[in-house]
There are 2 protein chains.
Amino acid sequence: MSDSDHQRTVNATRTSFTVVEALAEREDRVGVTQLASTLDIPKSTAYKHLTTLCELGYVHKEGRKYELGLGLADLGESARTRDPLYGTAKSHVDRLVSVTDQPAGVVVERRGNAVDLYRAWPTNRPAAHGTNSRYLHCSAPGKAILAELPDDRVAEIIDRGLPTKTDRTLSTPSALREKLDRIAERGIAFERGEQREGRRAVAVPVVRNERVMGAVYVAGSTDRMKSKRFEEDIPGIIISTVNRFTSDI
Amino acid sequence: MSDSDHQRTVNATRTSFTVVEALAEREDRVGVTQLASTLDIPKSTAYKHLTTLCELGYVHKEGRKYELGLGLADLGESARTRDPLYGTAKSHVDRLVSVTDQPAGVVVERRGNAVDLYRAWPTNRPAAHGTNSRYLHCSAPGKAILAELPDDRVAEIIDRGLPTKTDRTLSTPSALREKLDRIAERGIAFERGEQREGRRAVAVPVVRNERVMGAVYVAGSTDRMKSKRFEEDIPGIIISTVNRFTSDI
DNA sequence: GTGGCTGTTCCCCACACATGAACAACGCTT
DNA sequence: AAGCGTTGTTCATGTGTGGGGAACAGCCAC
């Protein structure tokens with residue numbers, strides 16, 4: 001597959017994005033040599049692509065080190081707000097935040113990872129940004145989506161590994177599969193400190209035409225989400241919210 | 001410049017991003033032929049790049065039409081949260097929202113456009129997302145940044161045109177330049193329905209080592225921002241906020 | 001059915017990308 | 001301050017590949 005595809009695709013584009021992705025994964029800035037060696041490509045090639053990406057504004061050069069450029073922020077915003085779920089779910093997420101006085105959001109899946117389309121926080125108690133897991137298996141919205149995904153897709157994702165984030169993370173295929181069955185039955189997913197100690201969440205998948213579009217969640221610290229509120233009230237609110245806008249997509 | 005640069009940069013990458021940018025600018029999905037004709041490139045070339053970008057997850061193919069993919073959302077988030085201003089300003093913006101009970105944010109400039117690094121809204125009254133101007137000249141944070149930018153950069157940006165958004169937009173170079181001088185003197189910028197009818201905002205530039213890093217703003221509808229609150233109270237709050245974190249960057 | 005669109009594939013050649021090696025610039029150690 | 005290792009940058013080259021035209025196929029409207 002790759003051999004025939006390579007014939008009809010642009011290799012240079014691929015390497016350029018490999019460079020960008022490498023920069024995205026690193027926390028710190030990085031030099032040409034370092035980047036080239038981690039990607040196992042010649043220095044000069046890395047340099048040429050970095051220069052090109054700089055010129056386009058998607059990579060930023062600070063001194064002799066490179067990092068992600070803000071051009072990507074523009075593109076990313078365009079991509080997020082373009083998704084059909086964004087437009088329909090946004091106002092409902094906002095209302096969830098008001099009603100529950102807790103952070104809420106809407107998540108979609110792409111290539112086995114969770115992507116936040118939109119999230120909002122209660123004003124006086126803003127939560128951390130960018131801390132949500134990219135992994136599906138250890139978050140409420142991720143599991144809600146997984147439970148609705150076709151079996152072969154789930155298998156693919158499981159095969160890529162189930163990293164352990166806390167000691168409650170479901171990191172074996174069998175444990176995860178069993179949980180997903182229960183989630184599919186009930187139509188709701190819970191997260192109890194599986195991606196971060198002290199964090200809880202409830203999520204409901206958004207299904208349309210038998211395809212899962214994403215999931216809506218409400219999150220919060222364990223002390224704000226316990227017993228009936230966590231297990232019944234908030235689930236009920238989310239379910240009715242999702243029902244409401246699933247019909248009028 | 002372009003001729004010599006073309007020798008040491010990757011053309012294929014450039015066209016790939018041209019394709020992505022074209023998709024970002026269009027509201028609707030687009031087909032190969034249509035895209036190729038607007039970009040004035042051969043169909044087959046457009047097709048090859050689109051296919052490559054699809055494979056990488058940065059473009060999404062729905063039926064026979066193409067649109068931006070969610071891979072860009074990931075990269076965009078990485079880029080935003082990586083900016084030094086993001087980390088330092090975020091919590092202060094959150095506090096501005098609490099204190100003023102109005103939307104606030106932090107903006108940086110890239111390539112003559114305004115990019116929102118972070119913004120937040122009061123819980124019960126969430127504002128529209130993605131509606132802020134990409135233009136610098138008609139928003140409070142944009143003007144705050146312009147006022148601190150070197151003259152040649154300002155000239156470049158003015159040369160690219162000053163689109164009129166409302167009848168209050170400063171759309172002539174002389175009017176804008178005059179205003180920027182006053183903003184530079186006072187260290188604060190006001191926006192009075194210049195980018196959208198009924199919207200007001202106050203912004204303060206963040207300057208470090210004589211270089212402008214970005215601007216922090218508080219926005220709101222005209223009826224929530226008038227007289228002393230608009231002209232003195234909120235400006236004072238923002239200035240003291242910015243002063244506080246400029247010192248400990 | 002038919003015609004005019006699309007998207008997709010084919011194929012070939014110029015040429016621009018990938019590459020290693022040479023060069024220059026930095027910064028650390030002494 | 002000088003030297004040396006490291007890094008970034010440039011150069012030169014052949015070869016793989018991206019660009020582009022044109023042919024093919026698939027859709028939809030009429």
Side-chain angles (χ1 to χ4, degrees), chain A residues 1-23 25-69 82 209, chain B residues 1-69 209:
Chain A
M1 133 180 164
S2 57
D3 265 14
S4 54
D5 275 6
H6 280 262
Q7 303 259 348
R8 55 189 70 168
T9 56
V10 184
N11 220 331
T13 299
R14 212 190 315 276
T15 60
S16 267
F17 274 103
T18 307
V19 166
V20 171
E21 286 161 10
L23 291 179
E25 274 166 26
R26 295 206 146 252
E27 273 303 316
D28 47 351
R29 295 163 222 238
V30 58
V32 176
T33 307
Q34 198 177 356
L35 188 77
S37 71
T38 61
L39 294 179
D40 200 35
I41 57 176
K43 269 201 307 188
S44 49
T45 302
Y47 179 74
K48 212 193 280 191
H49 283 267
L50 283 169
T51 308
T52 309
L53 291 163
C54 272
E55 187 184 287
L56 296 170
Y58 300 112
V59 164
H60 182 67
K61 187 181 184 178
E62 191 80 24
R64 34 166 53 201
K65 302 281 190 176
Y66 296 86
E67 63 185 331
L68 246 43
R82 215 170 232 66
N209 294 339
Chain B
M1 138 179 165
S2 55
D3 266 14
S4 54
D5 275 6
H6 280 265
Q7 303 259 349
R8 55 190 71 168
T9 56
V10 184
N11 219 332
T13 299
R14 211 191 316 276
T15 58
S16 267
F17 273 103
T18 307
V19 166
V20 171
E21 286 161 9
L23 291 179
E25 274 166 26
R26 294 206 146 252
E27 274 301 315
D28 47 351
R29 296 162 221 240
V30 58
V32 176
T33 307
Q34 198 177 355
L35 188 76
S37 71
T38 60
L39 294 179
D40 201 36
I41 57 176
K43 272 202 303 187
S44 51
T45 302
Y47 179 74
K48 218 190 278 192
H49 282 267
L50 283 169
T51 308
T52 310
L53 291 164
C54 272
E55 190 184 305
L56 296 170
Y58 299 112
V59 165
H60 182 70
K61 186 180 186 180
E62 190 82 24
R64 31 166 56 202
K65 302 281 191 177
Y66 296 86
E67 64 186 330
L68 246 45
N209 295 338

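In what follows, every chain begins at residue 1, and chains take the letters A, B, ... in the order their sequences are listed. Since we're looking at a predicted model, the values are computed, not measured.
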**Item:** Student check: side-chain heavy atoms of B:T15 and B:I41 closer than 4.5 Å
**Value:**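 The answer is no, as the side chains (C-beta and beyond) never meet within the 4.5 Å cut-off.
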**Request:** May I ask you to test the B:R26-B:Q34 pair for a side-chain heavy-atom distance under 4.5 Å?
**Result:**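 They are in side-chain contact.
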Grab the [atom1]-[atom2] distance between [X] and [N] for me, whole Å please.
X	N	atom1	atom2	result
A:I41	D:dG8	CD1	P	13 Å
B:L35	C:dT8	CG	P	13 Å
A:L50	C:dC17	CG	P	15 Å
B:K61	C:dT6	NZ	C1'	12 Å

If you only use heavy atoms from C-beta on, which nucleotide in [options] is closest to the side chain of [X]?
X	options	answer
A:Y47	C:dT8, D:dT9, C:dA18	D:dT9
A:N11	D:dG18, D:dT7, C:dT8	D:dG18
B:R8	C:dG20, C:dT8, D:dC11	D:dC11
B:A12	C:dT6, D:dG18, D:dT7	D:dG18
A:V32	D:dG20, D:dG18, D:dT9	D:dT9

**Item:** Under 3.5 Å donor-acceptor, B:T51 side chain and A:T9 backbone
**Value:**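 No; judged by distance alone, with no hydrogens or angles, the pair does not exist.
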**Complete:** Sorted by position of nearest nucleotide on DNA chain C, 5' first, the leading residue of A:R64 and A:P42 is A:P42
**Prompt:** When you check the gap from the basic side-chain N to the acidic O, do A:R14 and B:E55 get nearer than 4.0 Å?
**Reply:** yes
Check the phosphate of [N] against [X], side-chain N and O only, distance under 4.0 Å to OP1 or OP2. Yes or no?
X	N	value
B:K48	C:dG7	no
A:H49	C:dA18	yes
A:Y66	D:dT9	yes

**Asked** Does a distance-only test, which skips hydrogens and angles, find a donor-acceptor pair under 3.5 Å between the side chain of B:K43 and the base of D:dG20?
**Response**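 For B:K43, whose side chain was compared with the base of D:dG20, there is no donor-acceptor pair (under 3.5 Å).
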**Message:** Tell me whether the side-chain N or O atoms of A:S44 pair up with the base of C:dG20 as donor and acceptor below 3.5 Å, since no angle test is needed here.
**Reply:** yes
**Request:** Enter the inter-axis angle for the ends of the helix from C:dG1-D:dC30 to C:dT30-D:dA1 (five pairs per end, rounded to 10°).
**Result:**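 So the angle between the two local helix axes works out to 50°.
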**Asked** Looking across every strand, which nucleic acid part, if any, lies under 4.0 Å from B:K65 by heavy atom: base, sugar-phosphate, or nothing?
**Response**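 No contact.
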**Request:** Give B:T51 one of three labels, base, sugar-phosphate or nothing, depending on what nucleic acid heavy atoms sit under 4.0 Å from its own.
**Result:** nothing
**Message:** Between A:G63 and A:T13, which residue's closest nucleotide on DNA chain D lies nearer the 5′ terminus?
**Reply:** A:G63
